[in-house]
J.: 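The structure is given below, and queries will be raised subsequently.
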Amino acid sequence: MTTPTQVAEKIRPISKTQLFSATRKHFDLKKPFEPLILVRIGYTGQWEIHNKTDLPEYCVTDEQKAFMLDLIEQHGSVVGGAQ
């Protein structure tokens, strides 16, 4: 049987806005941090993050990608634009 506190503790999917905010804070980046990325589930069933451009101000580094992927795994999925 599920208690109300167990339901409240359930982790919800993370939004892209929350993902960007957490990454910006973790890496101490300047505002606005709005990279042009594609977040999707790959052929192997794992979450993937791809840069949509080569411009450094709109890209994420490999370290930032790893951090974002860890957050997505913790939350189970992404809402708001993930494919």
Side-chain angles (χ1 to χ4, degrees):
M1 184 170 151
T2 305
T3 65
T5 55
Q6 288 173 328
V7 173
E9 291 174 1
K10 185 176 180 181
I11 297 177
R12 294 182 180 173
I14 191 167
S15 70
K16 275 189 158 181
T17 304
Q18 293 169 324
L19 189 64
F20 294 165
S21 177
T23 304
R24 182 182 56 78
K25 289 176 185 175
H26 181 78
F27 290 97
D28 197 30
L29 302 170
K30 296 178 187 175
K31 278 187 175 181
F33 177 67
E34 297 175 356
L36 298 175
I37 60 172
L38 174 66
V39 180
R40 68 184 186 108
I41 297 177
Y43 295 112
T44 61
Q46 300 293 322
W47 286 98
E48 298 176 349
I49 296 177
H50 300 280
N51 288 313
K52 289 184 176 180
T53 181
D54 291 332
L55 297 173
E57 59 269 18
Y58 296 110
C59 291
V60 293
T61 65
D62 289 339
E63 189 177 357
Q64 292 166 346
K65 283 181 189 179
F67 177 78
M68 290 180 175
L69 289 170
D70 285 342
L71 280 176
I72 294 169
E73 288 295 321
Q74 289 174 12
H75 287 266
S77 67
V78 178
V79 294
Q83 296 180 350

J.: Check whether any side-chain heavy atom of Met68 lies under 4.5 Å from a side-chain heavy atom of Ile37, and answer yes or no.
T.: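 A side-chain contact exists here, since the closest heavy-atom pair is under 4.5 Å.
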J.: What heavy-atom pair brings Val79 and Pro13 nearest, and what distance separates the two atoms?
T.: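 Taking Val79 first and Pro13 second, the nearest heavy atoms are CG1-CB, 3.6 Å.
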J.: Which pair of heavy atoms, one from Arg24 and one from Lys30, lies closest together, and at what distance?
T.: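 Smallest interatomic distance, heavy atoms only, reads CD-O, 3.8 Å.
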J.: Side-chain contact, heavy-atom cut-off 4.5 Å: Glu34 with Lys16?
T.: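 The answer is no, as the side chains (C-beta and beyond) never meet within the 4.5 Å cut-off.
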J.: Side chains of Thr61 and Phe67: closer than 4.5 Å at any heavy-atom pair?
T.: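 Result no, sub-4.5 Å side-chain heavy-atom pair not found.
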J.: What's the separation between atom CG in Leu36 and atom CG in Asp54, rounded to the nearest 0.5 Å?
T.: 11.5 Å
J.: Once rounded to the nearest 0.5 Å, what's the spacing between atom OG1 of Thr23 and atom NZ of Lys65?
T.: 12.5 Å
J.: What are the two closest non-hydrogen atoms of His75 and Arg12, and how far apart are they?
T.: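 For His75 and Arg12, the tightest heavy-atom pair comes out as ND1-O, 2.8 Å.
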J.: Considering all heavy atoms of both residues, which atom of Asn51 and which atom of Tyr58 are nearest to each other, and what is their separation?
T.: OD1-O, 4.5 Å
J.: Just how far is it from atom CG of Leu71 to atom CD1 of Ile14, taken to the nearest 0.5 Å?
T.: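 Taking CG in Leu71 and CD1 in Ile14, the distance rounds to 5.0 Å.
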J.: I need the minimum non-hydrogen distance between Trp47 and Leu69, along with the two atoms involved.
T.: O-CD2, 3.5 Å
J.: Gln18: which residues meet the side-chain hydrogen bond (donor to acceptor under 3.5 Å, both in side chains) condition with it, sequence neighbours left out?
T.: Ser15
